[in-house]
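What follows is a short report on a single structure.
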Amino acid sequence: MNYIDWLVLFGTLLFIVLFGTLKTRGNQNIEGYLKGDNTLKWWMIGVSIMATQASAITFLSTPGQAIEDGMGFLQFYFGLPLAMVIISVAMVPIYYKLKVFTAYEYLESRFDLKTRTLAALLFLLLRGLSAGITLFAPSIVLSTILEWPVYVTTLLIGSLVIVYVVSGGTKAVSLTQRQQLTVIMSGMFLAGILAYAKLPQNISFFDTVNVAGELGKFNLINVLPAGVENPEKLSFWEKVSRISQDRYNIWSGLIASTFLFLSYFGTDQSQVSRYLGGRSITESRLGLLFNGLLKIPMQFIILFIGVLVYVFYLFYQPPVFHNQVLLNRALQTQRADSIRAIQIQYEHLYAEKRKAVDGLVSAIKQEDEQRKKVFREEVKNLQQEENGLRTKVRATIGEAMPGAKIQDRDYIFLNFVLSYLPHGIIGLILAVMFSAAMSSMASELNALASTTTVDIYKRSMRKEAIPSHYLKASRFFTILWALLAMVFAMLANFAENLIQFVNIIGSLFYGTILGIFLAAFFVKRVQGTAVFIGAIIAEIVVLYCYFFTGLAFLLYNIIGCVVVVLVAYILQVIFDNTTKEEAAPKV
Amino acid sequence: MEEKPPVFRAWTHWYWFVMGVLVLEIILFYWLSRSFT
């Protein structure tokens with residue numbers, strides 16, 4: 001990092017914060033603060049939805065995910081366009097018709113207060129935790145990279161967000177997200193181009209893709225269970241059973257992810273508030289569909305950048321541990337000699353691997369299938385040995401510095417940027433990470449504040465006050481949730497892979513929330529009490545699955561949702577029969 | 001002449017368009033997986 005990077009980083013961040021604050025300052029009413037006066041056009045809604053979903057974790061973790069496990073993670077997003085269509089058809093018109101501030105308001109008009117409050121509390125719990133992680137992820141990574149204490153990065157991101165969200169509310173969130181997404185997309189695009197430009201001159205684009213494919217990084221679609229020798233030979237039920245335990249395949253992507261995204265975009269206030277601020281129902285729908293069209297290509301590009309970095313590290317010696325700052329600190333301890341010994345072994349292994357990679361490239365160029373197979377296996381075996389050494393170095397660093405975060409997947413991309421990209425671009429990529437963290441956190445704080453104000457405070461605590469009181473309350477809750485997220489981010493130190501952890505946390509609650517909403521929309525017979533009990537049972541079942549079974553976490557979304565609807569329906573039938581019996585005249 | 005309801009028709013088209021793009025993407029990714037693995 002030099003002065004150009006600092007200038008780009010702070011110039012970008014300050015411009016966005018000042019622009020967002022100044023453009024939306026002045027007196028506002030509660031409607032404007034929480035819903036943005038219904039002025040947003042479709043593309044603004046689309047941008048806002050995308051910027052809310054794409055947090056810093058997306059850009060820190062996803063390239064690392066592609067480097068280690070390939071591009072199969074893309075399948076996770078296949079359910080998103082389907083969810084966008086279903087929400088546009090079934091949910092948006094109802095929210096518009098009822099003119100609600102939050103999604104949970106609808107539940108009271110359909111069921112009762114206790115169901116609305118339960119859904120709102122589940123959301124606050126889920127989103128409150130996620131806001132902490134949204135902040136924790138970039139704070140910890142950036143604090144390590146910049147060698148600042150973690151509380152400095154946490155306070156910096158948190159305070160910048162508080163300034164414009166408290167001042168301008170939803171309008172400021174949407175306005176700043178436009179600039180943030182521009183910074184994010186241009187930064188990532190440049191990083192991809194530069195990563196490709198850094199490859200050796202004799203490696204064409206086609207060679208790059210071919211090498212990555214040969215080494216299993218282009219596993220975009222998994223139809224059959226992964227990690228099985230001959231999956232075709234398994235019986236149908238064995239296939240189903242194994243697929244249900246795989247994290248990412250086309251089936252979980254199309255079915256389970258649809259449930260997750262239906263819940264996230266249809267019932268999570270941080271997303272619902274994005275399209276409730278639309279100029280009209282048409283603009284809101286188009287905004288959602290815009291996201292449905294662009295999300296998969298965007299994730300493809302981010303994963304592909306990871307693949308480019310992976311190929312780059314086939315031709316240039318990668319570090320044995322990607323968190324360089326932690327590695328340097330560990331080298332100051334008594335375990336330094338062990339770490340250096342592993343580093344030397346790692347370098348020897350890389351020299352061998354490099355020869356095999358050159359052999360693989362020449363076999364690909366000559367289309368020699370036999371040699372391709374030989375070198376592919378050789379590279380894969382050497383890679384396995386490399387992974388063994390990487391595990392060993394992680395364990396040694398853990399011994400040298402007890403309590404340190406020894407997982408370095410989230411550092412691979414940033415470490416590459418810092419080591420190989422030119423000054424200016426480094427500052428821009430750091431601005432991408434900060435912008436992504438701020439854009440997600442802004443939406444989350446805005447949604448947490450509006451749900452706390454509208455669904456809890458205004459509805460159950462202080463029912464009749466003047467509008468300006470609720471505006472003040474919203475601002476107070478925004479600051480309160482921001483402070484909670486900051487405290488959580490400073491104390492938390494967990495999770496091997498952050499993006500996965502966020503999705504697991506989401507899956508624990510989203511199924512139940514979606515079940516409540518689906519029952520409300522589509523099962524006319526069920527009433528409040530039945531749904532309320534169904535939701536509590538569903539949450540217990542989901543938590544049981546998480547703690548006591550090996551089911552893939554995406555399935556919790558289906559399980560939670562189905563249990564709510566089924567239990568609610570059965571209970572409603574029982575309640576109705578009991579009522580009829582009681583009402584019937586006794587002979 | 002009575003006008004057809006344009007919004008409904010446009011919306012139906014949009015939904016099919018999004019789903020069609022998804023199907024094309026899946027076919028493309030499947031082809032990429034098979035070709036380069």
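By convention in this document, chain letters (A, B, ...) are assigned in the order of the sequence lines, proteins followed by strands, and residues within each chain are numbered from 1.
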Below 4.5 Å from any heavy atom of chain A, which atoms of V18(B) appear? Answer side chain, backbone, both or neither. both

Please check if atom CD in Q366(A) has more than 12 non-hydrogen atoms from other residues, nucleotides or ligands closer than 6.0 Å. yes

Tell me, with the steps shown, if V85(A) and W14(B) meet side chain to side chain contact (heavy atoms under 4.5 Å, CB included). CA-CA 9 Å; V85(A) 171; W14(B) 269 109; over 6 Å; no

What heavy-atom pair brings I26(B) and I221(A) nearest, and what distance separates the two atoms? O-CD1, 3.9 Å

Mark yes or no for whether S33(B), through its side chain, and L220(A), through its backbone, hold a donor-acceptor pair below 3.5 Å. yes

Can you tell me if K380(A) has over 12 outside heavy atoms packed within less than 6.0 Å of its NZ? yes

Between the CG atom in L32(B) and the CG atom in L74(A), the distance rounded to the nearest 0.5 Å is 10.5 Å

Could you look at L215(A) and say if it's the side chain, the backbone, both or neither that has a heavy atom under 4.5 Å from chain B? neither

Rounded distance (nearest 0.5 Å) linking atom CZ of R285(A) with atom OH of Y15(B): 4.0 Å

Side chain, backbone, both or neither of V211(A) within contact of chain B (heavy atoms, under 4.5 Å): neither

Which atom names give the shortest non-hydrogen contact between L293(A) and E25(B), and what distance separates them? O-OE2, 4.2 Å

Check against side chain to side chain contact (heavy atoms under 4.5 Å, CB included), R34(B) and F218(A): CA-CA 9 Å; R34(B) 301 289 293 200; F218(A) 251 72; over 6 Å; no

In terms of heavy-atom pairs under 4.5 Å with chain B, which of L80(A), N210(A), I250(A) leads? N210(A)

May I ask you to check whether over 12 heavy atoms, not counting those of K365(A), lie within 6.0 Å of atom NZ? yes

Answer yes or no: are there more than 12 heavy-atom neighbours, outside F521(A) itself, under 6.0 Å from its atom CZ? yes

Distance col, row F300(A):CZ vs L28(B):CG, nearest 0.5 angstrom, shows 7.0 Å

Contact class of L254(A) relative to chain B, heavy atoms under 4.5 angstrom: side chain

